[in-house]
Amino acid sequence: MSELAKTYEPGAVEAKWYDYWLQHGCFTADPSRVSAQRPAYSIVIPPPNVTGVLTLGHVLNNTIQDILSRRARMQGKEVLWLPGTDHAGIATQNVVEKTLRKEGAMKHRDDLGREALVAKIWEWKEKYGGIIIQQLKKLGASCDWSRERFTMDPEYSKCVSRVFVDLYKKGLIYRGKRMVNWCPASLTALSDEEVEMKPQNGFMYHFKVEVAEAPGTWLTIATTRPETIPGDTAVAVNPKDPRYTHLIGKHVKRPLPVQIPDEQKLIPIVGDDHVDFEFGTGVLKVTPAHDKADFEIGLRHKLPVVDVMNPDGTMNALAGESLVGLDRFEARKVAAEKLRELEVLEKEEPYQNNVGFSERAGVPIEPRLSEQWFLKYPSVAEAKACVADGKMKFFPERWAKVYDHWLEGIQDWCISRQLWWGHRIPVWYRGDEIHCDITAPEGDGWKQDSDVLDTWFSSWLWPFATMGWPEKTDTLAKFYPTTDLVTGPDIIFFWVARMIMAGYEWMGDLPFKNVYFTGIIRDKQGRKMSKSLGNSPDPLDLIAKYGADALRFGVMRSAPLGADILFDEKNVELGRNFCTKLWNATRFRQMQGGASEGEIRPDLLTSDDRWILARLSDAIGDVSTSLDEYRFSDATSTLYRFFWNEFCDWYLEACKAVFFHSGDEARKANTLAVIDFVLAHTLRIFHPFLPFITEEIWNSLGFNSDLPANQGGDTIMTAPWPKAFGAEELAYFGLDEVADRFANAKYEVVNLGRGLRRDFNIASSKRVRFVLRPNGELAPHDIEVLRILLNAEPLDVLADYAAPKGTPVALTPLGELLLPLEGLIDVTAERERLAKELAKVEQELAKVRAKLADPNFAGKVPAKVLDEHRQRETDWAEKHAQLTKMREALGAA
RNA sequence: GCGGCGUUAGCUCAGUGGUAGAGCGGCGCUUUUACACAGCGUUGGUCGGGGGUUCGAAUCCCUCACGCCGCACCA
């Protein structure tokens, strides 16, 4: 047993133990150790962006995974927590391109060329790609780092090609020219999931067009996007709309682009059910190249597709002289201006509509016709069924509905991206020939598809591609399906749903059994963490300031299942304070001297010992249940309450009676044994939450000393997870309701005595005489505990004590507790105090009597409830009688 | 528009039919020999509004309001 430093220094301790765990291979998973007695437990990390840095979201997510992993190890399971990173196509390429432009290394990616740019990104990845991994280590993450994976590792990349080819051959992947979500900033197509609808304030422009066949007849069209008029190839009305039916088949003169007057392009009026005649004017301009719905109308009516925009969102030559080269938003203003000049703009009113934004680049997307690769989702039925039938469980459960709803209406997934960083599509072209395979075709003249795949098209394979698939590895055999997945609900569609499909498609089984969805971390005002708001603290700063354990504890304490987390640094401070408390309680133990005295002797147990052992058993049970149900904040609260309020505030204080005043060496030794027993168990249930400080104390106090190496001897990591006491242990220690009730009664006496002090303004530090008129037997130990906790000097236990008139009295479960105030008795004050208490009792008594008097109540209520109420009445009535007697003894005012 | 979640003490949240709770904060006292990152005490709520079921509702049902989150989306 080494002496503990005066204050806990997390920095040095954390580094020391993390190195120790690594050196001793504590995080390494070995499939050959898996057996019926040693079941497997596995988690794959949601791979963070390789160029990312740790955020509070990561802290939350990974602390939960670490808690689950560490507990599973203590439960004797073979644990694999598989870490790694994601190549994050768009984000990473953007970051690197931006840097290169800043450095002047290039203006546009074409200046460098594909090969050189990809090489630069790899360089960047080698240089900065490890940062987040190092940060996770600081947090204490017990990942098996020997298995760290990256989605662009050669082996992993092969898996990606393999599944592409497989799906292609199954006919689920196809290439087609379709409307996609185009990001004009990143210059790539996006999937539907990467588009976020946001309300935008704009204008609704009403302009009129003349019917060519009926000069003087004008139709008014409402649009938010006048800049796309040059791309209009029809005007549509609802065929059932009596206002316009007669015009179908005729043509209108399209006002833009402005050409020689009277020679404006004529476009047909078509009838289409899609047009809502309630909305706007009931006349819709149809721009097949720039709107998904319009494209469909175009197909139905065989309309030409006129694309008036460049990929970067600027207008092209087809938009006409006045718009060409302008950015789409600038062009909108100019187009409106042109309409005004032409005197066809009828009105322009403020209007709010929903516009799709590119999630990454933050700019409005453009619906755009382009040639892309699409995937018809595989194994959808299985993916749906496994959650619906409960084979896979979601926590909180309500996400199952969201998941189900999404699966109900999914469209094919656009998987090609016009980027260079990522997995290149394994398809080669030569003339009309097409070759799709894992390897390039033989022969000359083949050209590989230039696009890469959506990053999620690689990460959906994560649970098995990281374990050696397609080989039938031992790791896969033992650790797949994984046990738990911990992730944010924001990627339920991007990642979770797709992993489930992939699991069924290639492994024939679900990828994980339970999915825990974390909340979203917000600041204390409820706003999302964001860089621009600057409300996102750096977890590394918090670790430096408070310690990793404190950060973990603080975050877990405020993360209830199913709710968002309002982050407040106060919680981390609380975590630090808790660690300090743990540290100081341990120091107290150490100062009482002696190594662990070994076995507890039940015959020497005090009422306090029995009480704390019972509380410990409850805490173990509660924490275990909470963890089984993924209620981490409940587990944390239990730990906090048990250790601080029960162990420190009551038990350790009560122990002082033994250590400082009993002179009973055998009992002192036994008390030490109880403290050690409780501490040793407490450290174990704390360990998943507070890995560092528990390891430090475990070793410093020598709790490891007589344990086998693999059961807590080398490290607390392998100490068995404790169980709540069974009937046998409860009997052995003599823990029952009677014992609990007595200890609680004792503490109630203390509370009431302290209340008397307050009422008579006696400082808690001032030693005063208390007298107890007991209503039963009290052991010397219990009297001493009462004395210490009341800070009484002396505490006289006198059955026949005759108190001076006006002496303050508290009615306690163990008898009347009196506070004799020599020379200070204030009869009036005591009378007032009694009156106040009496009033309260009368109120309660009236309440319960009213209930009992109600014939409906007595007649209909279950016997048990009725008894409870009768007992309540008896108790209050008794108290009432005593108080009345006491007041009478004081005499009239 | 459809669906989900939420609304309990100043704040964060427990509490799913039977005496409204915890932590933090606030306030007061205390530098009592583990701990002032502490101890002790204390303050504090018509449980979002309304209606219903029931002997009894924070809890079950209906309804409204407000907030948040998905999904869809009409130019």
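Every chain is numbered from 1 and lettered A, B, ... according to where its sequence line falls, protein lines coming before strand lines.
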Describe the nucleic acid contact of [X] in one word from base, sugar-phosphate, nothing, applying a heavy-atom distance below 4.0 Å.
{"X": "A:L566", "result": "sugar-phosphate"}
{"X": "A:N354", "result": "base"}
{"X": "A:A585", "result": "base"}
{"X": "A:R557", "result": "sugar-phosphate"}
{"X": "A:P396", "result": "nothing"}
{"X": "A:C579", "result": "nothing"}
{"X": "A:K545", "result": "nothing"}
{"X": "A:F517", "result": "nothing"}
{"X": "A:N751", "result": "sugar-phosphate"}
{"X": "A:S558", "result": "nothing"}
{"X": "A:V865", "result": "base"}
{"X": "A:N571", "result": "nothing"}
{"X": "A:Y640", "result": "sugar-phosphate"}
{"X": "A:M197", "result": "base"}

If the plane angle is over 60° it's perpendicular, under 30° parallel, otherwise tilted; pick one for A:Y630 and A:F632. perpendicular
Parallel under 30°, tilted from 30 to 60°, perpendicular over 60°: which one fits the rings of A:F588 and A:F659?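 Perpendicular, since the angle between the ring planes exceeds 60°.
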With both distances under 3.5 Å as the test, what is the Watson-Crick or G-U wobble partner of [N]?
{"N": "B:C35", "answer": "none"}
{"N": "B:A20", "answer": "none"}
{"N": "B:G3", "answer": "B:C69"}
{"N": "B:G56", "answer": "none"}
{"N": "B:G41", "answer": "B:C27"}
{"N": "B:A9", "answer": "none"}
{"N": "B:C74", "answer": "none"}

Upstream residue (5' side of RNA chain B) when A:R225 and A:A763 are each assigned their closest nucleotide: A:A763
When the nearest nucleotide of RNA chain B is assigned to A:K860 and to A:L574 on a heavy-atom basis, which residue is associated with the more 5' position?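 It is A:L574 whose nearest nucleotide is closer to the 5' end.
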Pairwise [atom1] distance for [N] and [M], with rounding to whole Å:
{"N": "B:U46", "M": "B:G6", "atom1": "P", "result": "23 Å"}
{"N": "B:U31", "M": "B:G39", "atom1": "C1'", "result": "11 Å"}
{"N": "B:U8", "M": "B:A22", "atom1": "C1'", "result": "12 Å"}
{"N": "B:C11", "M": "B:G56", "atom1": "C1'", "result": "32 Å"}
{"N": "B:C13", "M": "B:G52", "atom1": "P", "result": "32 Å"}

Can you tell me the distance, in whole Å, between the [atom1] atom of [X] and the [atom2] atom of [N]?
{"X": "A:F632", "N": "B:G23", "atom1": "CZ", "atom2": "P", "value": "24 Å"}
{"X": "A:D273", "N": "B:A75", "atom1": "CG", "atom2": "P", "value": "19 Å"}
{"X": "A:N353", "N": "B:G1", "atom1": "CG", "atom2": "P", "value": "17 Å"}

Does [X] put a side-chain nitrogen or oxygen below 4.0 Å from OP1 or OP2 of [N]?
{"X": "A:W644", "N": "B:G39", "answer": "yes"}
{"X": "A:K581", "N": "B:G39", "answer": "yes"}
{"X": "A:R398", "N": "B:G4", "answer": "no"}
{"X": "A:R754", "N": "B:G41", "answer": "yes"}
{"X": "A:K847", "N": "B:U19", "answer": "no"}
{"X": "A:N577", "N": "B:A38", "answer": "yes"}
{"X": "A:N645", "N": "B:A22", "answer": "no"}
{"X": "A:Y351", "N": "B:A75", "answer": "yes"}
{"X": "A:K656", "N": "B:A34", "answer": "yes"}

Side-chain heavy atoms of A:C579 within contact of A:F553, under 4.5 Å: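 In short, these two side chains do not touch, never coming nearer than 4.5 Å.
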Between A:F394 and A:F517, is the gap from one ring center to the other below 6.0 Å?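 They qualify: ring centres under 6.0 Å apart.
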Have A:E696 and A:W583 got a donor and an acceptor in their side chains that come within less than 3.5 Å? no
Is there a donor-acceptor contact under 3.5 Å linking the side chains of A:T287 and A:D232?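 There is such a pair (donor and acceptor under 3.5 Å, judged by atom type) between the side chains of A:T287 and A:D232.
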Quick one: ring-ring contact (aromatic ring centres under 6.0 Å, His included) partners of A:W413, sequence neighbours excluded?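 A:W413: ring-ring contact (aromatic ring centres under 6.0 Å, His included) contacts with A:Y377, A:F457, A:W460.
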Nucleotide nearest [X] (side chain, heavy atoms from C-beta), chosen from [options]:
{"X": "A:D649", "options": "B:G18, B:G39, B:C74", "value": "B:G39"}
{"X": "A:C648", "options": "B:C69, B:C71, B:A34", "value": "B:A34"}
{"X": "A:F493", "options": "B:G4, B:A34, B:C71", "value": "B:C71"}

Can you list the residues that meet the salt bridge (Lys or Arg N to Asp or Glu O under 4.0 Å) rule with A:R243, with sequence neighbours excluded?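 For A:R243 the salt bridge (Lys or Arg N to Asp or Glu O under 4.0 Å) partners, ignoring immediate neighbours, are A:D241.
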Does a salt bridge link A:R225 with A:D291, judged by any charged N lying under 4.0 Å from a carboxylate O?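 Here A:R225 does not pair with A:D291 in a salt bridge, since their nearest N and O are not under 4.0 Å apart.
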